[in-house]
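Here's the structure, in structure tokens; my notes come after.
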Amino acid sequence: MEIRLTLSLPRDRSTVPLTRRVLDAALGVFSVTRDCRDDIGLAVGEACANAVQHADLGADYQVTVTIHEDRCVIDVVDEGIGMDAATGGDADAHAAIDAESGRGLRIIHALADMVEFRRHQPHGVALRIVKMLTRVTPAPA
């Protein structure tokens, strides 16, 4: 079984907690543990915050969540300035540990089982986050 949810969101900070709540509710229906939902919520929150901060003015961004039996795949796509090619897609690789910004990708990498960047044509970034799911009970049939 696979469930897919796609949100097209305005470039506004208020969409970040909204996206986290929608995703948390969907994962709760599938008996995903609180710890796993918290990890996914923090990772998607960081990804959305980056999209809001870096997308072109007035541009929307899109979040697509696919919940499989064993994993959750989150795609966040924006029409932003993109990642610095010199850092290999890891724009905050050189961010200081105590910096006020630039830690989002480190957090996402720490929480996810897989993180992938792709250029989004004609410009922008597509970020894929994959997290293996842990459940308190078997998923509903």
Side-chain angles (χ1 to χ4, degrees), residues 1-85 87-141:
M1 182 162 98
E2 172 184 295
I3 301 295
R4 181 169 294 170
L5 171 68
T6 300
L7 302 170
S8 289
L9 302 158
R11 188 177 165 263
D12 185 283
R13 286 187 302 225
S14 68
T15 63
V16 176
L18 170 70
T19 303
R20 286 181 67 163
R21 285 192 299 270
V22 168
L23 181 52
D24 186 68
L27 292 168
V29 169
F30 288 91
S31 303
V32 175
T33 63
R34 169 54 57 196
D35 286 345
C36 188
R37 291 183 358 230
D38 287 347
D39 286 353
I40 293 169
L42 182 54
V44 80
E46 292 295 331
C48 290
N50 282 344
V52 167
Q53 181 178 357
H54 299 294
D56 287 343
L57 290 177
D60 291 346
Y61 70 102
Q62 187 173 58
V63 178
T64 301
V65 177
T66 308
I67 302 171
H68 301 271
E69 290 291 326
D70 62 341
R71 69 193 178 286
C72 181
V73 179
I74 302 136
D75 292 298
V76 180
V77 179
D78 70 62
E79 298 298 325
I81 57 176
M83 295 294 168
D84 179 1
T87 62
D90 196 2
D92 60 7
H94 304 292
I97 296 294
D98 59 351
E100 285 299 313
S101 65
R103 295 177 291 186
L105 293 176
R106 279 193 184 140
I107 292 169
I108 293 168
H109 277 280
L111 297 171
D113 292 300
M114 187 196 81
V115 178
E116 175 183 277
F117 288 95
R118 296 182 312 275
R119 296 260 182 221
H120 183 68
Q121 299 301 323
H123 56 85
V125 173
L127 171 64
R128 173 166 281 181
I129 302 166
V130 178
K131 176 74 174 175
M132 301 308 290
L133 298 176
T134 54
R135 301 180 191 272
V136 289
T137 60

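- Ion pairing between Arg34 and Asp24 holds under the 4.0 Å rule for side-chain N and carboxylate O.
- Atom CD1 of Ile107 sits about 11.5 Å away from atom CG of Asp39, to the nearest 0.5 Å.
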### Task
Dump the intermediate steps for side-chain contact (heavy atoms from CB on, under 4.5 Å) on Asn50 and Asp78, then the final yes or no.
CA-CA 9 Å; Asn50 282 344; Asp78 70 62; over 6 Å; no
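- Heavy-atom minimum distance, Val76 versus Ala47: CG2-CB, 3.8 Å.
- Here the CZ-OG distance, from Arg135 to Ser31, works out to 7.0 Å after rounding to the nearest 0.5 Å.
- Contact between Cys48 and Tyr61 at its shortest, heavy atoms only, is CB-OH, 3.6 Å.
- To the nearest 0.5 Å, atoms CD (Glu116) and CD1 (Ile129) are separated by 11.5 Å.
- For the pair Thr64 and Val77, the minimum side-chain heavy-atom distance is 4.5 Å or more.
- With rounding to the nearest 0.5 Å, the separation of CD in Gln53 from CZ in Arg11 is 8.5 Å.
- Ser14 and Asp12 share a side-chain donor-acceptor pair at under 3.5 Å.
- Once rounded to the nearest 0.5 Å, the distance linking CZ of Arg37 with OG1 of Thr134 reads 10.0 Å.
- The side-chain heavy atoms of Glu46 and Arg103, taken from C-beta on, include no pair separated by under 4.5 Å.
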### Task
For Leu23 and Ile74, run side-chain contact (heavy atoms from CB on, under 4.5 Å): C-alpha distance rounded to whole Å, both residues' side-chain angles, the deciding distance at 0.1 Å, then the answer.
CA-CA 10 Å; Leu23 181 52; Ile74 302 136; 4.3 Å; yes
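- Side-chain contact between Thr66 and His68 is present, with at least one heavy-atom pair separated by less than 4.5 Å.
- In this structure, Pro10 and Asp60 approach most closely via the heavy-atom pair CA-OD1, 3.5 Å.
- For the pair Leu127 and Ile108, the minimum side-chain heavy-atom distance is below 4.5 Å.
- Considering only heavy atoms from C-beta on, Leu9 comes within 4.5 Å of Val63 through its side chain.
- Side-chain atoms of Lys131 come within 3.5 Å of backbone atoms of Leu111 as a donor-acceptor pair (strictly under, hydrogens ignored).
- Taking 4.5 Å as the limit, some side-chain heavy atom of Leu133 sits within range of a side-chain heavy atom of Ile40.
- Taking 4.0 Å as the cut-off between side-chain N and carboxylate O, Arg71 and Asp113 do not count as a salt-bridged pair.
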